[in-house]
Amino acid sequence: MSLALPTTTDDLDHLRDLARTSAEVIAQHQDTGGAYPASPTFSAYQGYAWFRDGSFTAEGMSRYGDVESVDRFHRWAVGVLASRGDHVADLLARADRGEQLPLTDMLPTRFLLDGADGQDPWWDFQTDGYGMWLWQLVTHAERHDRPLDPYRDAVQIAVDYLFATWQLPCYDWWEEHVEERHPSTLAPVRAGLLAVAGARLADGSPLLDDARSARAREVAEAITALVRAEGMTSGRASDPDAPHLAKWFGSGAVDASLAACVVPFGLVEPGSPVAEATLDAVARDLDVDGGVHRFRADVFYGGGQWLLLSALLGWNHAIAGRTDEAWRHLRWIASQAQPDGQMPEQVPDHLMHPASRDEWIEKWGPVALPLLWSHGMYLILADELGLLTDTTTEQHS
């Protein structure tokens, strides 16, 4: 992508240096088995990897050009899924018979770095990461002409799990509101199913068999219809009747994760009235000087501004051609990096609920630093703004 660069040479050099540092931080902490740990030192995340965090981190590294790192992540995911194939087959059979599936029977949302289940209690039933993994796998393979053949069995397991669970309420991106259904969960499920339904193996044969491919498309269509019917609200200041996506079905609130329903997951078409109204609502409610909050009621560490969400909104602005806004978010993220270039999960500026911050510090210690997802998202936005061309050329020269 070629975009005008409204900045000085020194500023550009600094932003490119942060991209190199981001890739180095991710590579340094990637486990030998391929997992991207969420944060190597944060007490609540240490020793664990998510498909959600990992997929966005992998997207950043794929754009940066570290193909082997991303391949190793996907091979790790294969191991995670392969060991759970029989369990998923049983879940799908029970779901197809109309049985209710208890939360305790669901797959974890996070795994130990060796792929095993963790022993620490967590808010485990989350389906978004499985769709994100499918989406990133195909995106990476298409970008770098990587074979999908080694992933076919694992893809089928992930697809079957989504067939069994996509209609069920589950925890959102933030491990909250298990009783609700969230557009930002359904969007990557839909995107992942569509990605694998259209993907092909090296010999040209479909990645999915005909029955799974047809069902994947049917589920994707059903998700679109369901969100249109139940996942919308209204309230844009400039047009109170303009519908936009809601935090969950029946809610009047917005959540910054809704931006992902536009880019990259395409639940609503970029540039469409619903997409623009959704992004407007996110920006109006949650963007303060380029830093983006999760949602207005957020009390986690006082409800600070998240670097990865600033990158997500900036990514949407870049795709929409609002490059000044995209640069604003990139520079804000860069301004939050530590002197050594490491990026935290969130920063305590403009806290939504400052009285809640100390209790989280007492419980889990300081905010996660580094957070690999923050670094991965920085790479994505830097790439959208054309900053990775020189860094990737140097890396492979």
Side-chain angles (χ1 to χ4, degrees), residues 1-6 56 59-60 63 128 131-132 135-136 138-139 142-143 173 182-195 197-198 217 220-247 249 253-287 290 292 295 308-330 332-333 377 379-388:
M1 180 178 295
S2 177
L3 298 170
L5 304 178
F56 279 110
E59 175 66 9
R63 286 168 177 251
D128 53 75
M132 291 173 187
W135 163 81
Q136 207 296 307
V138 174
T139 300
E142 292 177 346
R143 179 180 290 126
W173 284 31
H182 310 90
S184 57
T185 291
L186 290 167
V189 170
R190 174 185 176 276
L193 291 175
L194 288 176
R217 290 189 171 93
E221 291 177 4
I223 287 173
T224 301
L226 180 64
V227 173
R228 290 276 180 178
E230 301 185 38
M232 308 285 288
T233 185
S234 62
R236 187 168 57 166
S238 60
D239 183 358
D241 296 322
H244 60 77
L245 296 173
K247 181 172 172 62
F249 289 11
V254 294
D255 190 292
S257 62
L258 290 171
C261 297
V262 186
V263 173
F265 299 127
L267 176 61
V268 292
E269 183 71 21
S272 68
V274 172
E276 290 302 295
T278 298
L279 297 174
D280 283 353
V282 169
R284 182 186 68 244
D285 282 10
L286 304 172
D287 177 6
V292 177
F295 53 94
L308 67 95
L309 292 174
S310 294
L312 177 61
L313 188 56
W315 187 1
N316 273 270
H317 286 316
I319 293 295
R322 294 185 288 270
T323 54
D324 286 350
E325 286 297 296
W327 280 104
R328 182 172 69 94
H329 287 294
L330 189 77
W332 181 86
I333 297 167
M377 293 298 292
L379 289 173
I380 292 169
L381 182 53
D383 181 52
E384 286 297 335
L385 291 170
L387 286 176
L388 294 194

From [X] atom [atom1] to [Y] atom [atom2], the distance as rounded to the nearest 0.5 Å:
X: L381; Y: L308; atom1: CG; atom2: CG; value: 12.0 Å
X: L267; Y: L194; atom1: CG; atom2: CG; value: 10.0 Å
X: L245; Y: H182; atom1: CG; atom2: NE2; value: 13.0 Å
X: I380; Y: L385; atom1: CD1; atom2: CG; value: 12.0 Å
X: N316; Y: R322; atom1: CG; atom2: CZ; value: 7.5 Å
X: F56; Y: M377; atom1: CZ; atom2: CE; value: 5.5 Å

message: For L309 and L312: C-alpha separation, side-chain torsions, deciding distance, then whether side chain to side chain contact (heavy atoms under 4.5 Å, CB included) applies.
response: CA-CA 5 Å; L309 292 174; L312 177 61; 4.2 Å; yes

task: Identify whether the distance between the nearest side-chain nitrogen and carboxylate oxygen of D287 and R328 falls below 4.0 Å.
output: yes

message: Does the plane of the ring in F265 sit parallel, tilted or perpendicular to the ring in W135? Use 30° and 60° as the thresholds.
response: perpendicular

message: Does the plane of the ring in H329 sit parallel, tilted or perpendicular to the ring in H317? Use 30° and 60° as the thresholds.
response: parallel

Where [X] and [Y] come nearest, the two heavy atoms and their spacing:
X: P183; Y: G231; result: CG-O, 3.9 Å
X: V254; Y: A281; result: CG1-CB, 3.7 Å
X: G290; Y: S310; result: O-OG, 2.9 Å
X: H244; Y: A277; result: CB-C, 3.6 Å

Does the [X] side chain pair with the main chain of [Y], one donor and one acceptor, at a distance under 3.5 Å?
X: R190; Y: G131; result: no
X: W173; Y: S184; result: yes
X: R217; Y: A197; result: yes

field: Check against side chain to side chain contact (heavy atoms under 4.5 Å, CB included), V292 and W332
entry: CA-CA 10 Å; V292 177; W332 181 86; over 6 Å; no

- prompt: Do the side chains of E384 and R63 get nearer than 4.5 Å, heavy atoms only?
  reply: yes

- prompt: What's the verdict on side chain to side chain contact (heavy atoms under 4.5 Å, CB included) for L313 and E325, showing C-alpha distance, side-chain angles and the deciding distance?
  reply: CA-CA 9 Å; L313 188 56; E325 286 297 296; over 6 Å; no

- prompt: Does D128 have any side-chain hydrogen bond (donor to acceptor under 3.5 Å, both in side chains) partners at least two apart in sequence or in another chain, and if so, which?
  reply: R52

